[in-house]
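Notes to accompany the following structure.
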Amino acid sequence: MDLKDLNPMQRRAAEQLEGPVLILAGAGSGKTRTLTYRVANLLSHGVPAWRILALTFTNKAAREMQERIERLAGAGAGDAWIGTFHSICCRILRRDIEKLGYERNFTIYDDDDQQRVIKALLKELDIDDKYLPPKTVSAAISDAKNRLLSLDEWLKEAHGDYKSQKIHDVMTRYEQRLRAANALDFDDLLMKTIQLFLDHPPVLDYYQQRFQYVHVDEYQDTNYAQYQLVRLLTKESRNLCVVGDDDQSIYGWRGADIRNILDFEKDYPDAFVIKLEQNYRSTANILDAANQIIAHNEGRKEKELWTEDGEGEKIALYAAADERDEAAWIAANIGRLHAAGMGWGHMAILYRMHALSRVLEETLMRAGIAYRVYGGTRFYDRKEVRDILAYLRVIENPADDVSLSRIINVPKRAIGDSTVEQMTEFAHRNDMSLYATVAAPPDTLGGRAKKSVQSFANMMAQFLIAREMLPLGELVQKVIDEAGLIAQYEKEGEQDEENQARIENIREFMSAVTEFEQKSEDKTLFAFLENVALVTELDNQEDTPNFVTLMTLHSAKGLEYDAVFLSGMEEGIFPSARATQEENRLEEERRLCYVGVTRARKYLYLSYAQRRMLFNQMQFNPPSCFIREIPKRLLREEYGAAQRSAPGGGWGSYGGSGMRPQGGYGQVRPNYGFGDSVPQRRGVGRVPGGYGNRAGAVGAGGSRTAATPGNPLGIPGVQRGFVGSQARGIDIQLFKPGDKVMHRKYGKGTVREVTGTGENARISILFPVFGEKVFALSIAPIVKVEE
DNA sequence: GTTTCTAATATTTTT
DNA sequence: TATTAGAAAC
């Protein structure tokens, strides 16, 4: 194996094939590269690919590793098991889960399903969900499973007070329900695998023998269960190579235990430890800042990133008057970078929480900047998509009560809540599944209800038969047609934008099925459902999209951009209000900041708002403590027009007609050259129906065809794209005569003139076909388009 | 049984 | 601000 492309440290790590190895890989130090070469090196030393296991946290990381290994070592590497903890466990369980008393076609319950079960149980047990929120229960369930505690052990640890006792009651029933439904939650995938190993030594023995070389990526994020799983697998071979960075441990609140990586050398005294500190991503200034910030944490493995590259630009810092000013500053800089030749796809805006994205979106949209928001509601989380999925899950596993009760009256077929409740109760009393009850409804049901239930049961029975006969795609099509999943939305109204979007989403789902059928080796319904459960949108993110990316700091881990904007750098937001209480939490926030800073290759922009409207409350937060932790010499402070003596040239032209910050006291904000400005107004002219996901992944009507930013084609993964914002009739739009715009109904047109201010602002637009039309600027469904 | 309205409530979320 | 769950009205 030729390792000359690696630096000395990387090479050393890739050469150490035997025994426990800890690679402490700082951000941007070529971690994946090193791991990839190591695996390729194993292969070149004659280790068969099927003896190699690599565990990651994201599908993206897994796929990337797989591809890179195959590129280095050829297609033979395909026999290695490279996947997420969850998917590998799923694979192991699918083979042997019958030994634990489950059937092989088990269903995977996601967080939403889990919540549903818990809510139902709280109701049954007559527990007030204000006294005991479902989230508390699911957190407890997760906690117990992550720590491999039995429910009784968990209760003991929780001091056994009254509330814990109640939680314990719910947990116990929850476990019974899932078992009866032949379902596993995410944490079960890990826990049951370990249980399988412990209860059935021959199974463990098989995998121990098989996987002679085990790798774990992002080791700092492992929880106790994952730690044990790895320990069990490598007990005999002791060939365990873990890669991670304690400074990037940001999932402690989810059970990740940073001690796993900190104590690796205690667990394996003979471990070979190597640090990768040379950074290939960022400029020296950015690294300097990152190093200084993270140095404030205690109890970490000393590391200092360095680079051979130059200092680069200073880090820009902007004290915005409010969140709109902040967004405008960001948009202006994005515009300037783009004008200087940087592609949209090389820039990202990061924030601590999704709630901060709204203002950014509005501003970007008005500025004509193509953007995309990652995270939040995913494609497969949309109601209409989940409905189809629920059908499919019942077809695969009729014992799945949660899914069945979801669809029993979707589309509406006159099986009301009381009927469902009656049958559910009957099912529980007789220890049978809801499906069985539906198939043979009890006589206590009224005649009308019974009839509806029977015809539903007949339809489902048909589907179960079809499952055996039809290929996946045809089966799904049959379900959509015969259950009337599209028809229900067509009936409700053709021109209703929301219904249109839902229909489009269902079609989109169909094409996802088709794509799966074409690409996947295993074309079974089970495999498809597993894929849906374990693969997220973030995994499908394009490498170089033509959009500015907006996402939370958490989702940014592992990614890099030429220019990164860290917004909302305020105490109480970042670090979050809760984190400032405890020192431990603050350290994790600091690591999150470190992660954010080290995403940037060339340019880093920090901003905070002195006044911020959040959750309908005005906040006045001091700048984030993390800003103070960056040496002044690395910063270049920028000021808004109000603070500035002379306007800067170039991209921004200042003045305008005086946009006023919200709340409207005297300060004049710069108009960053998005055309003529109009006094700002809020909360007026909203298109009924709300905002955001309602528009779904796909824009409706004319906006779809517009060559506009956002998500015109409805690609999954876009939570709140362009269309949603547009449909809302935003507060203020900046247009000037000559601008090309797109109207939702009339299509493309040219702005004639803009008159009036505030609510009276009118815009006159000339349309090629419809002629000149005048709209109230505040509510007109128009957006600016580029020629 | 279904639709519509009101009121509470809101970190982060690899699977 | 916007969503969403649950109650009240249809």
Side-chain angles (χ1 to χ4, degrees), chain A residues 55-62 83-90 108-111 114-115 119 123 129-130 133-135 138-139 142 146 184-190 217-218 221-223 226 248 250-256 350-359 362 374-378 381 383 409 412-420 446 448-449 452 492 530-539 551-559 568 572-579 585 588-589 591-592 595-596 613-617 682-683 686 689-694 720 724 728 731:
Chain A
L55 297 162
T56 66
F57 280 85
T58 63
N59 295 292
K60 188 168 189 265
T84 63
F85 273 96
H86 291 84
S87 68
I88 296 287
C89 285
C90 195
I108 300 169
Y109 276 3
D110 64 19
D111 296 336
Q114 193 180 39
Q115 290 294 309
K119 275 182 195 160
K123 211 169 173 186
D129 62 4
K130 291 215 176 56
K135 269 195 164 176
S138 58
S142 193
N146 286 163
L184 304 186
D185 62 28
F186 282 137
D187 299 316
D188 279 333
L189 290 173
L190 296 164
D217 190 20
E218 306 278 17
D221 289 332
T222 49
N223 61 32
Q226 287 158 336
Q248 292 188 67
I250 55 174
Y251 284 103
W253 50 275
R254 263 183 75 149
L350 310 181
Y351 36 75
R352 181 62 234 269
M353 51 186 164
H354 281 301
L356 300 189
S357 75
R358 211 197 87 248
V359 184
E362 288 178 3
Y374 281 95
T377 308
R378 302 172 305 173
D381 284 340
K383 182 194 171 299
N409 199 30
K412 305 247 153 33
R413 49 174 73 90
I415 304 177
D417 292 346
S418 60
T419 308
V420 176
R448 212 170 31 148
S452 312
E492 276 179 38
E530 180 198 323
N531 188 262
V532 170
L534 300 182
V535 175
T536 58
E537 311 307 329
L538 216 58
D539 299 318
M551 63 177 138
T552 63
L553 285 148
H554 279 88
S555 8
K557 197 174 74 164
L559 305 174
I573 291 180
F574 187 33
S576 80
R578 289 192 209 178
R585 296 277 222 123
E588 184 152 312
E589 294 285 305
R591 291 194 290 266
L592 191 56
V595 167
M613 196 64 166
L614 189 65
F615 298 136
N616 211 22
Q617 246 192 330
R682 295 178 63 86
R686 205 132 297 188
Y691 142 80
N693 302 329
R694 58 179 292 274
R720 288 156 287 180
R728 180 170 6 144
D731 314 335

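Predicted, not measured: the structure shown is a model, and the values here were computed from it. Letters A, B, ... are given to chains in the order of the sequence lines, protein chains preceding strands, and every chain is numbered from 1.
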Length of the [atom1]-[atom2] vector between [X] and [N], whole Å:
X: A/Asp221; N: B/dT12; atom1: CG; atom2: P; value: 18 Å
X: A/Glu588; N: B/dT14; atom1: CD; atom2: C1'; value: 14 Å
X: A/Asp185; N: B/dT15; atom1: CG; atom2: C1'; value: 11 Å
X: A/Asp417; N: C/dA7; atom1: CG; atom2: P; value: 11 Å
X: A/Asn531; N: B/dT15; atom1: CG; atom2: C1'; value: 12 Å
X: A/Glu589; N: B/dT13; atom1: CD; atom2: P; value: 12 Å
X: A/Lys60; N: B/dT15; atom1: NZ; atom2: P; value: 11 Å
X: A/Leu356; N: B/dT12; atom1: CG; atom2: C1'; value: 11 Å

B/dT12 base / A/Arg585 side chain donor-acceptor hit below 3.5 Å: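 Absent.
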Donor-acceptor pair present, A/Arg254 side chain and B/dT13 base, under 3.5 Å: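 Result: at least one qualifying N/O pair found.
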Between the side chain of A/Ser452 and the main-chain N/O of A/Arg448, is any donor-acceptor distance below 3.5 Å?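 Looks like yes, one N/O pair under 3.5 Å.
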Does the aromatic ring of A/Trp253 sit over the six-membered base ring of B/dT12, closer than 5.5 Å centre to centre and tilted less than 30°?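 Yes; centroid distance and tilt both under limits.
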As a test of reading the structure: which of [options] is closest to the side chain of [X], going by heavy atoms?
X: A/His86; options: B/dT13, B/dT14, B/dT15; result: B/dT15
X: A/Asn409; options: B/dT2, B/dT12, B/dG1; result: B/dT2
X: A/Ser418; options: B/dG1, B/dT15, B/dT12; result: B/dG1
X: A/Lys412; options: B/dT2, B/dT11, B/dT15; result: B/dT2
X: A/Lys557; options: B/dT14, B/dG1, B/dT12; result: B/dT14
X: A/Arg352; options: B/dT14, B/dT11, C/dA5; result: B/dT11
X: A/Ala414; options: B/dT2, B/dT12, B/dT15; result: B/dT2

Anything under 30° is parallel, anything over 60° is perpendicular, the rest tilted; go ahead and classify A/Trp253 against A/His554.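 The arrangement is perpendicular - the two ring planes meet at more than 60°.
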Any A/Leu559 side-chain heavy atom under 4.5 Å of A/Met551 side chain: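 A/Leu559 reaches A/Met551 side chain to side chain.
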Any side-chain heavy-atom pair of A/Leu55 and A/Thr222 under 4.5 Å: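 Heavy-atom side-chain distance check fails, nothing below 4.5 Å.
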Kindly say if [X] contacts the phosphate of [N], meaning a side-chain N or O under 4.0 Å from OP1 or OP2.
X: A/Thr56; N: B/dT14; value: no
X: A/His354; N: B/dT13; value: yes
X: A/Ser555; N: B/dT13; value: yes
X: A/Asn59; N: B/dT15; value: yes
X: A/Lys383; N: C/dT4; value: no

Under the criterion salt bridge (Lys or Arg N to Asp or Glu O under 4.0 Å), I'd like the reasoning laid out for A/Arg585 against A/Glu588: C-alpha separation, chi angles, the key distance, then a yes or no. CA-CA 5 Å; A/Arg585 296 277 222 123; A/Glu588 184 152 312; over 6 Å; no
With syn defined as a glycosidic torsion within 90 degrees of 0 and anti otherwise, which applies to B/dT12?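 You should classify B/dT12 as anti.
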When you compare B/dT12 with C/dA5, how far apart are their C1' atoms, in angstrom units rounded to a whole number?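 Taking atom C1' in both B/dT12 and C/dA5, they lie 24 Å apart.
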Taking the nucleotide of DNA chain B with the closest heavy atom to each, which residue, A/His554 or A/Arg413, is nearer the 5' end?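 Nearest-nucleotide comparison on DNA chain B picks A/Arg413.
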Of A/Arg448 and A/Tyr251, whose nearest nucleotide on DNA chain B comes first from the 5' end?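 Its nearest nucleotide being more 5', the pick is A/Arg448.
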Taking atom NZ as the centre, does A/Lys135 end up with more than 12 heavy-atom neighbours from other residues, nucleotides or ligands that are less than 6.0 angstrom away?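 No, because the 6.0 Å sphere around NZ of A/Lys135 holds 12 heavy atoms or fewer from other groups.
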Testing the basics here: between A/Gly83 and A/Ala62, what is the closest heavy-atom pair and its distance to 0.1 Å?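 For A/Gly83 and A/Ala62, the tightest heavy-atom pair comes out as CA-CB, 3.8 Å.
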